[in-house]
Amino acid sequence: MANPKLKSLPQGTNVITRRKPAAAVKTAYSPAEREEIFRRFSVQRPEPRGELEHTNPFTLVVAVALSAQATDAGVNKATRALFKVADTPQKMLDLGEDKLRDFIKTIGLYRNKAKNVIALSQMLVDDFAGKVPETREELVRLPGVGRKTANVVLSMAFGQATMAVDTHIFRIANRIRLAPGKTPDEVEARLMKVVPKHYLYHAHHWLILHGRYTCKARRPECERCVIADICKSPEKSSDVPAPLVELPPQAIGEAVE
């Protein structure tokens, strides 16, 4: 059977097309609540910093790669002496894998990490003229460097707004229902949408530090939390926010895990 002819509309008729509504971002907080959460974090820590000691982009890459399944404090203790003798890819190659292991043997999985550090140093020399690349796609090519490490380097070394989802951020995003997700990549994508853009550059440090010192894994210390009244976590034990005051400067290298 032939298709029926469509009737033409009278000239001058306006055609209204309906657009699909944009998918809602998965979060328990309104835009105003999210703005207030990060405003308070910005008052508490105006200039948050990562707690891994480093002297340049290369030593930062190495420190972050070594920090997997280890504490920042433990990594700092091991790298202070290491970076005095090997703070460039070529110097690390000159040091060699055996001597490198001696410097980092107090860190978990140190044998495999030593292999990766030597391999990434070799790739930096061979493929990048000894310089740390400034794109995520190039960084994740380096042995032992995953998306989280790449995001940390892009943020701390090159000033890019990224969201490095570690265990603290993954826990916080799900616990307080800010950006719940089943995987770090899912949480990262949602946080990049829900965090107010003007707070995004520091947001991953605020969330890491909040998880490390306040919203702890075993028991969140809600009595010390500046967003206790806004927080929608079913685990919270207080609705009274802690006084909103600027914290003392961070003691980099002395992080308490």
Side-chain angles (χ1 to χ4, degrees), residues 21-52 67 71-72 147-148 151-152 154-156 159-252 254-257:
V25 178
K26 193 172 181 180
T27 181
Y29 301 85
S30 69
E33 288 171 326
R34 284 179 262 146
E35 176 76 22
E36 181 61 11
I37 286 170
F38 288 95
R39 184 194 72 81
R40 293 187 193 181
F41 284 159
S42 73
V43 171
Q44 191 177 45
R45 295 184 189 272
E47 294 292 332
R49 294 183 292 165
E51 295 185 313
L52 285 171
S67 71
T71 66
D72 288 0
R147 187 178 180 89
K148 187 205 82 171
N151 281 339
V152 172
L154 291 173
S155 172
M156 294 178 63
Q160 298 183 32
T162 62
M163 186 59 64
V165 179
D166 69 348
T167 55
H168 295 297
I169 291 185
F170 187 77
R171 180 180 72 255
I172 295 258
N174 281 284
R175 175 186 273 168
I176 74 172
R177 300 163 60 202
L178 177 63
K182 295 180 179 179
T183 67
D185 285 357
E186 199 171 79
V187 168
E188 177 189 336
R190 287 178 175 162
L191 282 171
M192 292 296 288
K193 292 178 180 177
V194 304
V195 175
K197 297 300 182 188
H198 48 286
Y199 288 127
L200 192 55
Y201 177 67
H202 287 315
H204 84 280
H205 279 140
W206 283 324
L207 291 170
I208 287 171
L209 295 169
H210 188 65
R212 181 173 288 161
Y213 297 114
T214 304
C215 200
K216 297 178 180 179
R218 291 187 179 180
R219 186 188 76 83
E221 298 181 4
C222 302
E223 67 279 3
R224 298 179 56 237
C225 178
V226 295
I227 61 167
D229 55 326
I230 305 173
C231 178
K232 300 184 191 304
S233 170
E235 297 179 48
K236 77 173 180 177
S237 58
S238 174
D239 290 320
V240 180
L244 184 58
V245 295
E246 184 174 340
L247 296 176
Q250 288 171 251
I252 303 301
E254 303 301 326
V256 177
E257 299 291 335

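All values reported here derive from a predicted model rather than from experimental measurement.
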So, the side chain of R171 versus the backbone of G211: is there a donor-acceptor pair under 3.5 Å, distance only? yes

If only atom types and distance count, is the side chain of R34 paired as donor or acceptor with the main-chain N or O of T27 below 3.5 Å? no

What's the separation between atom OG in S67 and atom NZ in K148, rounded to the nearest 0.5 Å? 4.5 Å

Would you mind reporting whether P196 and E35 have side-chain heavy atoms less than 4.5 Å apart? yes

As a quick check of understanding, evaluate side-chain contact (heavy atoms from CB on, under 4.5 Å) for V165 and R190, giving each step before the final call. CA-CA 11 Å; V165 179; R190 287 178 175 162; over 6 Å; no

First locate atom CD of Q44, then atom CD of E246, and finally report the distance between them rounded to the nearest 0.5 Å. 10.0 Å

Does any N or O in the side chain of S233 come within less than 3.5 Å of the main-chain N or O of R175, such that one atom is a donor and the other an acceptor? yes

Drop me the distance from W206's CH2 to I37's CD1, to the nearest 0.5 angstrom. 12.5 Å

Less than 3.5 Å apart, which donor and acceptor atoms pair up between the side chains of residues 177-185 and the rest of the protein, not counting sequence neighbours?
unit_1, atom_1, unit_2, atom_2, d
R177, NH1, K232, O, 3.4
T183, OG1, E186, N, 3.1

Could you tell me which non-hydrogen atom of V226 sits nearest to which non-hydrogen atom of P243, and how far apart they are? CG1-O, 3.9 Å

Counting C-beta onward and ignoring hydrogens, is there a side-chain heavy-atom pair between R147 and E188 closer than 4.5 Å? yes

Indicate the atoms forming the closest heavy-atom contact of S237 with C222, along with that distance. N-SG, 3.3 Å

Report yes if some heavy atom in the side chain of H205 is under 4.5 Å from a heavy atom in the side chain of M156; otherwise report no. yes

Sub-4.5 Å side-chain heavy-atom contact between P241 and R40: yes

Just jot down the ring pair (Phe, Tyr, Trp, His ring centres under 6.0 Å) partners of Y29, sequence neighbours excluded, or say none. none

So R219 and E235, salt bridge (charged side-chain N to carboxylate O under 4.0 Å, His left out) or not? Walk me through it. CA-CA 9 Å; R219 186 188 76 83; E235 297 179 48; over 6 Å; no

Rounded distance [0.5 Å steps], CZ in R49 versus CD1 in I208: 14.5 Å

Heavy-atom closest pair, residues H210 and C225: CE1-SG, 3.6 Å

List the steps, then state whether side-chain contact (heavy atoms from CB on, under 4.5 Å) holds for E51 with L209. CA-CA 9 Å; E51 295 185 313; L209 295 169; 3.9 Å; yes

Does any non-hydrogen side-chain atom of L191 lie less than 4.5 Å from one of L207? yes

Here the gap from I172 atom CD1 to R212 atom CZ, rounded to the nearest 0.5 Å, amounts to 11.5 Å

Between H204 and N151, is any pair of side-chain heavy atoms under 4.5 Å apart? no

For S155 against T162, the heavy-atom pair lying closest together: CB-OG1, 3.4 Å

Atom OG of S238 and atom CD of E223: how far apart are they, to the nearest 0.5 Å? 7.5 Å

Is it the case that the side chain of D229 and the backbone of D239 share a donor-acceptor pair, with hydrogens and angles ignored and the cut-off at 3.5 Å? no

Under 4.5 Å between any side-chain heavy atoms of Y199 and F41, yes or no? no

Nearest atoms (heavy-atom pairs only) where I230 meets E36: CD1-CG, 3.5 Å

